[in-house]
Amino acid sequence: MAELHLNGVQKIYPNGFHAIHGIDLDVTDGEFIVLVGPSGCGKSTLLRMVAGLETISDGAVDIGGRVVNQLEPADRDIAMVFQNYALYPHMKVYDNMAYGLRNRGMAKDEIDRRVREAAGILELEPLLDRRPNQLSGGQRQRVAMGRAIVREPSVFLFDEPLSNLDAKLRVQMRVEIKRLQRRLGITSLYVTHDQVEAMTMADRLVVMNGGRAEQIGTPIELYDNPATTFVATFIGSPSMNLLEGTVAEGGVSVALDSGASIDLPDPRPELAGRPVTLGVRPEHLTPTADGSGMTLRLDLVEQLGADTLLHGHLDGDERRLVTVRLNGHFAPGQESVRVAATSAVHLFDRESGGRI
Amino acid sequence: MVENRPYLTVISHLIVILGIVITVMPIWITFVASTHPIEHIMDGTIPMWPGDRFFENYATVLGSGVADAGGIPVGDMLLNSLIMALSIAIGKIAISLIAAFAIVYFDFPFRMTCFWMIFITLMLPVEVRILPTFAVVANLGMLNTYVGLSLPLIASATATFLFRQFFLTVPEELAEAARIDGAGPLKFFKDILLPLSRTNIAALFVILFIYGWNQYLWPLLVTTDESFYTVVMGIQRMTQAAESLPLWHLVMATTMLAMIPPVIVVVVMQKLFVKGLVETEK
């Protein structure tokens, strides 16, 4: 049980590549933090720096009130779950879990107690005498979790632990990990590129892009108030539609480049005449019955059962693909549909992509 | 193949049997010759069935040895060969494991230079460097010692290279997991890397044991004392007996005996050997 603080953490590789540009993050005791971002954004590097597998170029990592920059991974009081599980192939499940404890010189009966307890929590008891190559993917994943649990660490580190599992198992393990983390109350740092995983598991999310934290907040904060166009398009699926336009006189609406106009829920007179990027999520565009709104010429209709996704272009704008998400079914055979935005629209600066 | 063609079955069996005959025939003749008195062999026809002198012939070579070839009992030569072959095989494996471990897992200056220096010596067989090596061994006073017999053949580029390639296939996360589990480099080597290399070690042991057992030129150079003669040298000396015809029946008996240890090694290790060659257990 501990707090985790990152203060201005930077990573510069010997070849000069600046992988992490100063990250500040304060994690409270027992909190589940998810680092999410596209490949190469530095999320895994940051996690490995906390683990002690990468050196820290600048800044400080503080676990439980102790700066751990110079400590070996084994001395940092952390446990890590790897993407490919990294189980020792020649050891039985029991020994895989016990190995780290034995290296610490722990008493045999204490090791046995902890391993059996973890095996009980994870339903691994019948598998303790097996070797990793006799286990299925989900079971290996659980053994990797068990190896982390027996250490009773201050911080759990997860490096994309579910990405080697099939879709069904991934959903199941996602729930299991989250439930386990709640139950044990251990501060956790979880890396994923999957935004659904990120949204469902996180107490707070860190959206990373190009070695910087674009935004830190709860899933709902990020969904409702994305700070940048990057966060806006990264969080939520299908991703937010971005449309170029100019704020009209008086700030009551945005005149889109396509010719249509979208009303703003709160007038923004100070922005009048400014070119902006307007963001609206697919679920916040709805078809209108009375013929008002914009015309969406349909390219593709995806029927998902519960929802329907309409992909198309707005009349007058051939460039931007626009997606609309409907609840329920959609009568096939229509070539276009009139849609209007609900009140949930977002304005971003056209140059910087920042929220305005 | 799941084809059912009787002729094909017959033909493939014939080919297999022919192959076996070609391989086994020389060994059979060797064995048969070792059980006959010398007169039967020298009269111009090669006997095809074992004679009645099995015990006498083998007792001679094991007991008193062949007088013309120095009279060293074969047992002593076998022991010399065994010591040499084991030292070479075990020494090579130990050194190359450690060298490969250093090259793969540690980041030290001139790491790649070291690797390339090792790699380049791959191209130099013992025979090429035999004179300078002999000079060094002679100057160190290691002629007629077991150390002199085995040490110069131990440094092995091939085995180092093989272990390096194997270590590179071990996932990096395993080393990281071990670090988090508090295993230092030597502990990681002992607890994780060695057990994983087990099949590779076995395969290499078989190859290197036979390599060491079959060494001829090097023992010939560094040993002048008959008590250090190896069995391969001994056989050669028997066939070159001065002023008389070679005692082929005894040569053959010695050859049969010289074949036994490598056969034992192969038979005992074959399961691991095959596993090490075909399978990567990860």
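In what follows, every chain begins at residue 1, and chains take the letters A, B, ... in the order their sequences are listed.
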Step by step, work out the side-chain contact (heavy atoms from CB on, under 4.5 Å) result for A:R48 and B:E176.
CA-CA 10 Å; A:R48 292 165 56 82; B:E176 290 173 348; 2.7 Å; yes
Segment of B:A178 engaging chain A (4.5 angstrom heavy-atom cut-off)
both
Between B:D181 and A:R102, does any side-chain N to carboxylate O distance fall below 4.0 Å?
no
With rounding to the nearest 0.5 Å, note down the distance linking CZ in B:R179 to CG in A:L53.
5.5 Å
Contact part of A:R76 toward chain B, heavy-atom cut-off under 4.5 Å: side chain, backbone, both or neither?
neither
Under 4.5 Å from any heavy atom of chain B - which part of A:L87:
backbone
Counting only heavy atoms not in B:R129 (residues, nucleotides, ligands), do more than 12 fall under 6.0 Å from its CZ?
yes
Please give me the minimum heavy-atom distance between A:Y99 and B:A183, naming the atom from each residue.
OH-CB, 3.5 Å
A:E123 atom CD: more than 12 heavy-atom contacts under 6.0 Å
no
Where is the tightest heavy-atom contact between B:D191 and A:H90, given as atom of each residue plus distance?
O-NE2, 2.7 Å
Does CZ in B:F110 sit with more than 12 non-hydrogen atoms of other residues, nucleotides or ligands closer than 6.0 Å?
no
Check whether any side-chain heavy atom of A:F82 sits under 4.5 Å from a side-chain heavy atom of B:E172, and report yes or no.
no
Which heavy atom of A:A74 sits nearest to which heavy atom of B:G182, and what is that distance?
CB-CA, 3.3 Å
What closest approach, in Å, do A:M80 and B:I180 show between heavy atoms, and which atom pair accounts for it?
CB-CD1, 3.5 Å
A:Q70 atom CD: more than 12 heavy-atom contacts under 6.0 Å:
no
Between B:I192 and A:M91, which heavy-atom pair has the shortest distance, and what is it?
CD1-CE, 3.9 Å
